[in-house]
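First up is the structure itself, then whatever we jot down about it.
Just so you know, these numbers use all the heavy atoms, side chains as well, and skip hydrogens, waters and symmetry mates.
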Amino acid sequence: MDALKHTGEATGQQVSDKGGMKSASLKDLCPEDKRRIANLIKELARVSEEKEVTEERLKAEQESFEKKIRQLEEQNELIVREREDILFVFLF
């Protein structure tokens with residue numbers, strides 16, 4: 001079947017595959033459809049790059065928030081210790 005498929009592609013003919021559907025190549029498309037495909041590929045590349053940038057920014061923000069949470073937890077522990085020290089001084 002591959003030999004027939006390659007022969008069909010070489011002559012520009014469409015050949016049925018196992019499912020009965022005809023296969024086609026890019027060269028069988030009209031120029032407008034080729035432009036559409038090219039634009040879709042460019043858009044996919046742009047969106048993929050934008051996704052990467054967004055993921056990196058999200059990771060940086062998450063790390064920043066985690067650092068801030070650790071700082072606040074440390075401050076909270078310090079305040080609790082100071083409170084306990086003050087209560088100890090006033091009670092004894």
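- Each of V80, I86, L87 was scored for a side-chain contact (heavy atoms from CB on, under 4.5 Å) with R83, with one residue passing: L87.
- Annotation: Q71, atom CD; neighbour count of heavy atoms from other residues, nucleotides and ligands within 6.0 Å is above 12.
- To the nearest 0.5 angstrom, F65 atom CZ is 9.5 Å from L58 atom CG.
- In this view, E61 satisfies the salt bridge (charged side-chain N to carboxylate O under 4.0 Å, His left out) rule with no residue, not counting sequence neighbours.
- For K51, the salt bridge (charged side-chain N to carboxylate O under 4.0 Å, His left out) partners two or more places apart in sequence, or in a different chain, are E55.
- If you take NZ on K68 and CD on E66, they are separated by 14.5 Å, rounding to the nearest 0.5 Å.
- Side-chain heavy atoms closer than 4.5 Å link hydrophobic residues (I, L, V, M, F, W, Y) into clusters, and following such links, possibly through other members, connects F88 to L91.
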Review item, side-chain donor-acceptor pairs of residues 29-46, under 3.5 Å, at least two apart:
residue : atom : partner : partner atom : Å
E32     : OE2  : R36     : NH2          : 2.6
D33     : OD1  : R36     : NH1          : 3.4
N39     : ND2  : R35     : O            : 3.4
E43     : OE1  : R46     : NE           : 3.3
E43     : OE2  : R46     : NH2          : 2.6
R46     : NH1  : E50     : OE1          : 2.9

